[in-house]
Amino acid sequence: MMIVMKEGATEEEIAHVVERVELVGCTAHVSKGELLTVIGAIGDRDKDQQLSLDGAPGVDHVVPIAKPYKLASRQFKKGEDSVLEIGGRKVGGTNFALMAGPCTVENRDQMLTSADEVAAAGVTMLRGGAYKPRTSPYSFQGLGREGLRLLAEAKERTGLPIVTELLDLRDLDDVLEVADVIQIGARNMQNYSLLSEIGKSKRPALLKRGLSATVEELLMASEYILKEGNENVMLCERGIRTYETAYRFTLDLLAVPALKEQTHLPVIVDPSHAPGRRDWVEPMSLAAVAAGADGIIIEVHNDPDKAICDAAQQVPTSEFRELTSKIEAIAAVVGKTVSRA
Ligand code: PEP
Ligand code: MN
């Protein structure tokens, strides 16, 4: 539940509420606004129901949060959208994040050429994987630390914030050296120890929806990051497994308005992995913007036919500018602007 303090509530009154919240075994999450302080009592529902704080000194009113996710719920931010600030770019609200770059970092020439070209198109952030979650253990697994080094070089050249995946906690410190946003891949959405550590790191996170996860499971997973005090979480729809075999995954665009109704967190769409084919990436990108997404993360490569992974779905940099203009046009229709420094 949320305890909304009266305007001008004293530090003592706030401390008293925090003490009561902790006494019933919940965690108190204090958020101080300009006028009001709101205290979230985070824990099991039966615990917070033992709190009777109506009429307590300094308390204005108490709002029960019926959902199992608390910090992620829209109610927790009084209905407002969270606006994250990442490397000088805003994400959320009216700020649309255009993230693009190759599926994986392959070599210096490929990474830097792709980076220069997506930067010239005016993206918000640059993506590229150094650690790749591959279905086959015999496939290319990513360049690892060398890949991170090339991402650092691309960041230095373009000034763009970097989005890159962390696959294994053992690489956390290395990834933290370059990542402005840590991507948590679909296959790790329910790796709760990984989520908690990313929460503790406080680094912005892009949490991708698991292949067979429900919208509620995605929100519960985000709660693992949020509960460690990391408020910089973006959710990402990337396609789910259904009975349909005509494409790789079913891009569930209805998850966008469904998530936006339930959470204040920015909702991003990955239009690349579900089609698995580059000619279907544009319609899915535009549909995602129209559906109200706060951003898209799209795979773009300087020479996709030679790409080591996901060759069929990566958009050539030569076609990306035109796609960017279309994305900007649809974003304008829904009241959003592509976020740039
Ligand atoms: C990726 O973004 O390159 C990726 C592997 O995504 P996902 O975890 O959604 O499959
Ligand atoms: Mn990929």
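The analysis underlying the following values was restricted to heavy atoms, covering all of them including side chains, and did not include hydrogens, waters or symmetry mates. As the structure lists them, so they are numbered: ligands from 1, and atoms in each ligand from 1.
For ligand 1, the atoms lying closer than 4.0 Å to a non-hydrogen atom of R187 are 7 (P), 8 (O), 10 (O). Atoms of ligand 1 lying under 4.0 Å from any heavy atom of G185, numbered from 1 in the order shown and given with element: 8 (O). Listed by number with element, the atoms of ligand 1 under 4.0 angstrom from any heavy atom of K132 are 1 (C), 3 (O). Listed by atom number, the atoms of ligand 1 under 4.0 Å from R238 heavy atoms are 7 (P), 9 (O), 10 (O). Those atoms of ligand 1 that come under 4.0 Å of a heavy atom in R127, given as number and element, are 1 (C), 2 (O), 3 (O). Atom numbering of ligand 1 starts at 1 in the shown order; those under 4.0 Å from a heavy atom of E299 are 3 (O).
Among protein heavy atoms, atom 6 (O) of ligand 1 sits closest to K208 NZ, 2.9 Å. Taking atom 4 (C) of ligand 1 as the reference point, the nearest protein heavy-atom neighbour is H273 NE2, 3.7 Å.
Annotation: protein N, O or S atoms under 2.8 Å of the Mn ion (ligand 2) (waters excluded) comprise C103 SG, H273 NE2, E299 OE2, D310 OD2.
Taking 4.0 Å as the cut-off, R209 does not count as a neighbour of ligand 1 on heavy-atom distance.
The neighbour count for K90 NZ, taken as heavy atoms of other residues, nucleotides or ligands under 6.0 Å away, does not exceed 12.
The side chain of P133, and not its backbone, has at least one atom closer than 4.0 Å to an atom of ligand 1 (non-hydrogen atoms only; side chain from C-beta on).
Taking the ring centre of F249 as origin, the terminal cationic atom of R238 falls inside the region bounded by 6.0 Å and 45° from the ring axis.
Using a distance-only test at 3.5 Å, with no hydrogens or angles considered, a donor-acceptor pair links the side chain of R340 to the main chain of G122. The backbone N or O of N191 sits nowhere less than 3.5 Å from a side-chain atom of N188 that would complete a donor-acceptor pair.
Atom NZ of K208 is separated from atom NE2 of H273 by 5.0 Å, given to the nearest 0.5 angstrom.
Between E165 and ligand 1, not a single N/O pair is under 3.5 Å apart. For ligand 1, the polar-atom distance check against A186 finds a nitrogen or oxygen pair separated by under 3.5 Å.
In the hydrophobic clustering of this structure, L167 groups with F140; members are Ile, Leu, Val, Met, Phe, Trp, Tyr whose side-chain heavy atoms approach within less than 4.5 Å, directly or through other members. M284 and F320 fall within a single hydrophobic cluster, where Ile, Leu, Val, Met, Phe, Trp and Tyr side chains are chained together by heavy-atom contacts under 4.5 Å.
Between R203 and E177 no salt bridge is recorded (no basic side-chain N to carboxylate O distance below 4.0 Å). Ion pairing between a basic and an acidic side chain is recognised when a charged N comes within 4.0 Å of a carboxylate O; R248 and D310 show such pairing. Look at R89 and E85 and you find no salt bridge, because none of the NZ, NE, NH1 or NH2 atoms lies under 4.0 Å from a carboxylate O. By the 4.0 Å N-to-carboxylate-O rule, R74 lies close enough to D81 to be salt-bridged with it.
Partner L226 forms a side-chain contact (heavy atoms from CB on, under 4.5 Å) with one of L265, I42, L195 and no other, that one being L265.
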